[in-house]
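Notes for the one structure printed next.
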Amino acid sequence: MKRKISILGSTGSIGRQALEVIEKLGDKFDIIALTAGNNINLLNEQIKKFKPKYACASNMSLIDGAIPATLEEICSNKENDIILVAVSGKIGLKPTITAINNGIDIALANKETLVMAGDIVMPLAKEKGVKIVPVDSEHCAIHQCIKDIAQVDRLIITASGGPFLHKSIEDMKNATVEQALAHPRWNMGKKITVDSATLMNKGLEVIEAHHLFGMDYDRIKVVVHPQSVVHSAIEYVDGSVIAQLGLPSMHIPIQYAITYPERFEGIKSKSFSFSEIARLDFEEPDWDKFKALNIAYNAGKIGGSATVCMNAANEEAVFAFLEGKIRLFDIIDSVEEMMSKHSVSYNLSIDDIFDLDNEIRAKTREFLHVAV
Ligand code: NDP
Ligand code: MG
């Protein structure tokens, strides 16, 4: 039977690749809805090709060929078997909760959802019997390795190290936007690419892993692996380590997440060859250069509102960096500043989370002297 799917953020990097996977898989999917932000031209091209019933964009009146519907309406539509949440930023949180409340399985790319509200989202999914299958390559790798989480001692998350892995702190301080966006392995949206340059992305992924797999922070380890072939690993209590390997392509984790628990041939550019890869390198992260990683571990361990504060400050500062208004290291300075002034609270509601998110964003802009 065909799976009925909606893609939130179909015009983004993950969304476009998901449509490539779906196209390749032929008759496996029926698309219920596609959604964009501002890229209405691409959305309308996608509507023409994939014929979803519904579509959403920032300007609904420009949608051509599908019934306009809000993200909330799309996520409450029980026609969906699965929703791929591939929007960027906080916009992913509420629709994800709506989909879970309606018993719809989630393929989750949007990591902010768990960083902001993992304590709400994961128990709710459990209560509603909803599967959350990760798209993020590291978590997808871990998902593929785990048989019984109770037997797992540690999660080992790999990090490519980004464009500044072997550059000096000075080089990194003076990095241009172009240099920060030149990721050596992955072609992704701009926000996550900047996060990969500071290693905040890995910090967000540690928090994401904590929520997805219910693992304590001191049992989640990050190792730098520049080739991005080992996508992550787990160590069982008996010392056995299972890793998931593959050529660096997001098609594989996207396909895994939207077809789970089945597997299909899909988009496979070539077979995996150990001898062609020849070597795999691993090293400890440079904690002085990549302070974001430590900040994220600390925020995760504190929990409650700490990760909301960190995420909001980081995202707002990344936008300012992308607009050329601040330097790369100012991102980390502003996150540290916001964290140091923040008094942590627990048991937040979704509304509390959004209020705090807005407050921290405004304070971050004030600290950085940047207008909205
Ligand atoms: P992109 O920036 O490429 O795409 C973001 C998508 O979200 C676009 O479709 C965009 O629409 C839409 N969008 C953005 N803001 C809004 C809004 N306010 N309302 C509605 N739609 C909006 O991001 P990525 O695809 O790179 O990343 C998506 C998510 O997946 C992120 O959370 C990221 O962390 C995560 N992720 C991405 C990976 C990757 O390889 N790219 C890997 C692992 C995780 P439009 O372009 O039309 O404005
Ligand atoms: Mg990742």
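All residue numbers refer to positions in the sequence shown, counting from 1. Computed over heavy atoms, backbone and side chain alike; hydrogens, waters and symmetry mates excluded. Ligands are counted one by one from 1 in listed order, and the atoms in each one are counted from 1 as well.
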Task: Closest approach of Leu93 to Phe354 (non-hydrogen atoms, all atoms of both residues) - done: CD2-CE1, 3.7 Å

TODO: Over all heavy atoms of both residues, which pair between Thr364 and Ala313 is shortest? Give the atoms and the distance, please.
DONE: OG1-CA, 3.5 Å

Task: Identity and distance of the protein heavy atom lying nearest atom 26 (O) of ligand 1 - done: Gly189 N, 2.8 Å

Open item on the list: Measuring from atom CG of Asp330 to atom NE2 of His369, what distance do you get when rounded to the nearest 0.5 angstrom?
Closed with: 10.5 Å

Task: Closest approach of any protein heavy atom to atom 43 (C) of ligand 1, naming residue and atom - done: Asp136 OD1, 3.0 Å

- [ ] Considering just N/O/S atoms, say which atom of Glu205 is closest to the Mg ion (ligand 2).
- [x] OE2

Open item on the list: Can you check which of Ile40, Ile192, Asn38 brings a heavy atom nearest to atom 33 (C) of ligand 1?
Closed with: Ile192

- [ ] List every atom of ligand 1 that sits less than 4.0 Å from any heavy atom of Ala109, numbering the atoms from 1 in the order shown and giving each element.
- [x] 30 (O), 35 (C), 36 (N), 44 (C)

Open item on the list: List ligand 1 atoms under 4.0 Å from Ala36, heavy atoms only on the residue side.
Closed with: 11 (O), 20 (C), 21 (N), 47 (O)

Task: Verify same cluster id: Ile91, Ile120 (apolar side-chain graph, 4.5 Å) - done: yes

Open item on the list: Once rounded to the nearest 0.5 Å, what's the spacing between atom CD1 of Ile5 and atom CD1 of Ile258?
Closed with: 4.5 Å

TODO: Specify the protein heavy atom at minimum distance from atom 27 (O) of ligand 1: its residue, its atom name, and the distance to 0.1 Å.
DONE: Ile14 CG1, 4.2 Å

TODO: Indicate, as side chain, backbone, both or neither, the part of Met188 found under 4.0 angstrom from ligand 1 when only non-hydrogen atoms are considered.
DONE: both

Task: Any N/O pair Ser137/ligand 1 closer than 3.5 Å - done: no

- [ ] Measure the distances from the heavy atoms of Gly15 to every atom of ligand 1 and state whether one is below 4.0 angstrom.
- [x] no

Open item on the list: So does Leu19 get a backbone contact from the side chain of Glu23, meaning a donor-acceptor N/O pair under 3.5 Å?
Closed with: no

Open item on the list: Parallel, tilted or perpendicular: which one describes the rings of Trp186 and His231, with boundaries at 30° and 60°?
Closed with: tilted

Open item on the list: When you compare ligand 1 with Glu112, is there at least one nitrogen or oxygen pair between them that comes in under 3.5 angstrom?
Closed with: yes

TODO: Return yes when atom CG of Asn358 has more than 12 non-hydrogen atoms of other residues, nucleotides or ligands closer than 6.0 Å, and no otherwise.
DONE: yes

Open item on the list: Can a donor-acceptor pair be found, under 3.5 Å and without considering hydrogens, that links the side chain of Lys111 to the backbone of Ile207?
Closed with: no

Task: Close-contact set for ligand 1 against Asn39 heavy atoms, below 4.0 Å - done: 45 (P), 47 (O), 48 (O)

- [ ] Among all protein heavy atoms, pick out the one at the shortest distance from atom 9 (O) of ligand 1; state its residue, atom name and that distance to 0.1 Å.
- [x] Thr11 OG1, 2.7 Å

Task: Pairs involving residues 125-159, ordered by first then second residue, that meet ring pair (Phe, Tyr, Trp, His ring centres under 6.0 Å) (sequence neighbours left out) - done: His143-Tyr256, His143-Tyr260

TODO: May I ask you to check if ligand 1 and Gly12 share an N or O to N or O distance below 3.5 Å?
DONE: yes

Open item on the list: Give the atom numbers and elements of ligand 1 that come within less than 4.0 Å of a heavy atom of Lys111.
Closed with: 32 (O), 34 (O), 44 (C)

TODO: Using heavy-atom distances, let me know which of Asn41, Val87, Thr35 sits nearest atom 29 (C) of ligand 1.
DONE: Val87

- [ ] Look only at interatomic distance and state if Asn187 has a nitrogen or oxygen under 3.5 Å from any nitrogen or oxygen of ligand 1.
- [x] no

Open item on the list: For atom 14 (C) of ligand 1, which of the options Pro95, Gly37, Ser88, Ser249 provides the nearest non-hydrogen atom?
Closed with: Ser88

Open item on the list: Angle at the Mg ion (ligand 2), OE1 of Glu138 to OD1 of Asp136, rounded to 10 degrees, please.
Closed with: 100°

Task: Gap between atom CD1 of Ile22 and atom NZ of Lys28 - 0.5 Å precision - done: 12.5 Å

Open item on the list: Would Arg16 count as being in polar contact with ligand 1, using the rule that some N or O on each side must be under 3.5 angstrom apart?
Closed with: no

Task: Sub-6.0 Å ring centroid separation between Phe321 and Phe319 - done: no

Task: Per-residue contact class, Ala86 against ligand 1 - non-hydrogen pairs under 4.0 Å - done: backbone

Task: Donor-acceptor contact below 3.5 Å, side chain Arg154 vs main chain Ile234 - done: no

Open item on the list: Checking the N or O distance criterion of under 3.5 Å, is ligand 1 in contact with Ile91?
Closed with: no

Open item on the list: Closer than 3.5 angstrom, by distance alone: can the side chain of Arg16 be matched with the main-chain N or O of Gly12 as a donor-acceptor pair?
Closed with: yes

Open item on the list: Quick test: of every protein heavy atom, which one is nearest to atom 3 (O) of ligand 1, and how far off is it to 0.1 Å?
Closed with: Ser13 N, 2.9 Å

